[in-house]
Number of protein chains: 2
Amino acid sequence: MADVAREAGVSIATVSRALRGRPGVGEETSRRIRAVAERLAYVVSPEASHLSRRETGRVAVVVPQLAPWFYATMVGEVVRLLRDAGLDTLLYEVDGPEERGRFVEELPARRKVDAVVLLALPLTPSQRDRLDLLGVRVVVAGGRLRDLPHVEVDDLAVAHTAVDHLVGLGHRDIAMVRTSDTDETPWEADLLRSRGWSERLRHHGLEPREELRVTVEIGPRAGVEAVQRLLALPQRPTAVFAYSDELAAGVVVGAREAGLRVPEDLSVIGVDGHPIAELLDLTTVDQHVAEQAARTVTTVLHLVGRTADGDPVDPAEQVGHAAEPLSVVLDHTLVVRSSTAPPSSAG
Amino acid sequence: MADVAREAGVSIATVSRALRGRPGVGEETSRRIRAVAERLAYVVSPEASHLSRRETGRVAVVVPQLAPWFYATMVGEVVRLLRDAGLDTLLYEVDGPEERGRFVEELPARRKVDAVVLLALPLTPSQRDRLDLLGVRVVVAGGRLRDLPHVEVDDLAVAHTAVDHLVGLGHRDIAMVRTSDTDETPWEADLLRSRGWSERLRHHGLEPREELRVTVEIGPRAGVEAVQRLLALPQRPTAVFAYSDELAAGVVVGAREAGLRVPEDLSVIGVDGHPIAELLDLTTVDQHVAEQAARTVTTVLHLVGRTADGDPVDPAEQVGHAAEPLSVVLDHTLVVRSSTAPPSSAG
DNA sequence: CTGAAAGCGCTTACAG
DNA sequence: CTGAAAGCGCTTACAG
């Protein structure tokens, strides 16, 4: 910056103002400064700028995993929208209970960001409390945590929608295939969808049979394994509600490997709106991931006082906004395709 | 830091040394300082530290998209390994030609990182040249760019492996299903696998028929569309080599929708080692993504002079290392499953 | 409209 | 082993 100032024949204070677009710099002076900066291919040092301004221009996004479709899609969207607002994204992947423990212990994001987004991150109660040490705004997406601002779908209602669809088709023996992390940390979405399954069956006067609720470890063949277990039961289900589309896909493949037809012999419904559901023509409950990402970013921008274009919000105005609810529960949509139909025995 | 210094009764210089573990601080003094820092829940400001040390402790990872399996898996691994080495990851998603143009124009990562990793990023020649303005080390993964250090598989050889497998089974009418970005930017992996297909067919004395090379736009049903086009041909192929496992999965689904059996009526082979290949029992060429990620991180650490544990490398030693080749071409592996078999007409 | 100066929170030769 | 001081590269009241 000193170089630019010298070349332009002004002080570094003026260069700083001109480059930041602050008022109080002559039209002509400003133009000259910009021209010099351009010619020298100069860009302001973010480190120094942040040190002075006491903000980082960064937000941390923390995910348990990145490869599963939900996370990859959410993160991709969030990163893009934050960038549009002029914010950089620091990504942390904390897989498994030990790494999560280490993360909240060390808090590597501390003092490095203006806000952090926790994406469907299972935390134990004691881990949740350490979050306060972050010293920055926290937004929870894909779940809720304490009283922190959150963006989510209502997983109980998601399960109700799926069960209603199957019951409406005439199914009475409806299984639930759920997944689980290996540890004991409560995985919110899974717990709620599972609870929604049993709740809603009872609501329809059906008793949820425990042997119809199978839990499998995540993996490419998880759904296949689940359906194998279900088909070994004396009283087989005629329909399956799977925690996710990936699991539902496995259930379909497993059913076909066992010689069953879908949907004639077994109806299958998943959750997500995953491309694999479109490929295999699976009925699903779409949870509108792109919109969840958009609302998450909106909340973040609100908390750090920026607009979607990256402009700072007028502090006076900001106070008014603060009254708005920061947490939001988004809608989901039933997408009926060819993997669900009335049970053949119901005709 | 001033607070800690006051509490511990020393200067901030000593606090800095103690906390960074630099030599020249008394055992006892150091212990006391650490205890105070702990009690005050103090952590060094990375901004200030970096400003002083002239390094950021960050690396940028740039991807065209995040949702596709290859990218999500690579990024997840890279982020984790960088974190183990004490480095943070700044993620940029630059989808489509305009965003890529904007990215190299604005270079948002400039002065924010110690190195940048370009992940299979298609760039035009003029865009490549602007990379020099980044002013930091660049590592290319999943492809190569100019003379920059790179980590990749040999996509020509990948195609050869796939074609050899099909020819070895007795196939002579072998189709290639490739994908494409919408713009004209050369997509290295696609071009090479496509070229490898025709090259290798000729090598086996077979003429690559252009109508057997179909290009589809990426999407969940891309493979389905491709196979529909192929089946409309007067002389149908007996085998398909698909650019990726996701595409191969679509081809299998499309073939079955058309009433064909896989592999009896159509053999299908993909590339990646994607979980969907395991789910559908597809033959594939595994490109060992986790290893590509590991080698990429190794290269980055080498360039920024760190060990995998995050320790700085002794500068003297580092010079010696610099002689090592920074670019590496990794092996791939043919994984034979049930989607490929001899053509039924070949019996 | 513009500049001199203090300050952001560290690190590291340089002296003791 | 420890401290005073300069410096990292900016930003922003405070004066003109």
Side-chain angles (χ1 to χ4, degrees), chain A residues 1-34 36-37 40-58 86 88 109-114 135-136 305 311-312 314-315, chain B residues 1-34 36-37 40-58 86 88 109-114 135-136 305 311-312 314-315:
Chain A
M1 187 173 269
D3 295 347
V4 177
R6 192 174 333 104
E7 288 277 316
V10 295
S11 71
I12 60 167
T14 301
V15 173
S16 174
R17 280 189 279 252
L19 260 26
R20 307 205 74 232
R22 313 240 64 164
V25 183
E27 182 87 343
E28 162 57 23
T29 317
S30 178
R31 208 192 321 281
R32 181 157 36 95
I33 291 172
R34 286 165 188 290
V36 172
L40 268 44
Y42 168 82
V43 286
V44 166
S45 157
E47 303 287 327
S49 176
H50 296 152
L51 181 56
S52 254
R53 300 167 61 197
R54 306 161 138 279
E55 62 170 46
T56 66
R58 260 173 255 135
D88 285 315
R110 192 152 44 157
R111 298 190 77 175
K112 291 179 187 167
V113 296
D114 299 331
V136 298
D311 303 319
D314 176 18
Chain B
M1 188 174 267
D3 295 347
V4 177
R6 191 174 336 102
E7 288 278 316
V10 294
S11 70
I12 60 167
T14 302
V15 173
S16 175
R17 281 189 278 253
L19 261 26
R20 307 205 75 233
R22 313 240 66 166
V25 183
E27 182 88 342
E28 162 58 20
T29 317
S30 178
R31 209 193 320 281
R32 179 157 37 94
I33 291 173
R34 285 165 188 288
V36 173
L40 267 43
Y42 167 83
V43 285
V44 166
S45 157
E47 303 286 328
S49 178
H50 296 153
L51 182 56
S52 253
R53 301 167 61 198
R54 304 161 140 279
E55 62 169 46
T56 67
R58 261 173 254 133
D88 284 316
R110 193 151 43 154
R111 299 192 75 174
K112 291 177 186 166
V113 295
D114 299 331
V136 298
D311 302 318
D314 177 16

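Every chain is numbered from 1, with letters handed out A, B, ... down the list of sequences.
Using a 4.0 Å heavy-atom criterion, one finds that Gly24(A) contacts the bases of the nucleic acid, with or without backbone contacts as well. Residue contacts for Arg22(A): at a heavy-atom cut-off of 4.0 Å it reaches the sugar-phosphate backbone alone, with no base atom in range.
Checked against dT12(D), dT11(D), dT2(D), the side chain of Thr29(B) finds its nearest nucleotide in dT2(D). Here the side chain of Arg17(B) is nearest to one of dG3(D), dT12(D), dC10(D), namely dG3(D). Out of dC10(C), dG7(C), dT2(C), the shortest distance to the side chain of Ser52(A) is found at dG7(C).
Distance Leu51(B) CG to dC8(C) P: 14 Å, rounded to the nearest Å. In this structure, Arg111(B) places its CZ atom 7 Å from P of dG9(D), rounding to the nearest Å. Computed from coordinates, the Glu47(A) CD to dC8(C) P distance equals 18 Å when rounded to whole Å. For the pair Glu28(A) CD and dC1(C) P, the interatomic distance rounds to 13 Å; values are reported in whole Å. Rounded to an integer number of Å, the gap from Arg32(B) CZ to dC1(D) P is 14 Å. Nucleotide dG9(C) holds its C1' atom 13 Å from the CZ atom of Arg20(B), rounded to whole Å. Remark: P of dG3(D) and CZ of Arg6(B) are 14 Å apart, rounded to the nearest angstrom. In this structure, CZ of Arg53(B) is placed 16 Å from C1' of dA13(C), rounded to the nearest angstrom.
A close approach under 4.0 Å does occur between a side-chain nitrogen or oxygen of Thr14(A) and OP1 or OP2 of dG3(C). When the side-chain nitrogen and oxygen atoms of Tyr42(A) are compared with OP1 and OP2 of dC10(D), one or more of them lie within a distance under 4.0 Å.
With hydrogens and angles ignored, no donor-acceptor pair closer than 3.5 Å exists between the side chain of Arg54(A) and the base of dG7(C). Between the side chain of Ser49(B) and the base of dC10(C), no donor-acceptor pair under 3.5 Å is found.
Here the shortest heavy-atom pairing between Ala18(A) and Ile33(A) reads CB-CD1, 3.8 Å.
Put simply, the residue from Arg58(A), Arg110(A), Arg53(A), Arg111(A) that forms a salt bridge (charged side-chain N to carboxylate O under 4.0 Å, His left out) with Glu47(B) is Arg58(A). For the side chain to side chain contact (heavy atoms under 4.5 Å, CB included) criterion with Val15(B), the lone passing option out of Val25(B), Asp3(B), Val10(B) is Val10(B).
dT12(D) and dG16(D) are spaced 16 Å apart, taking the C1' atom of each and rounding to whole Å. As rounded to the nearest Å, dC1(D) and dA5(D) have P atoms that lie 23 Å from one another.
Nucleotide dG16(C) forms a pair with dC1(D), judged by Watson-Crick or G-U wobble geometry with both contacts under 3.5 Å.
For Glu28(A), the CD atom sits in a packed shell: over 12 heavy atoms of surrounding residues, nucleotides or ligands are nearer than 6.0 Å.
In this structure, Arg17(A) contributes its side chain and Arg22(A) its backbone to no donor-acceptor pair below 3.5 Å.
Residue-to-nucleotide proximity on DNA chain D shows that, of Met1(A) and Ser11(B), the 5′-proximal contact is made by Ser11(B).
Side-chain atoms of Thr14(B) and Ser11(B) form a donor-acceptor pair, as typed in the model, at a separation below 3.5 Å.
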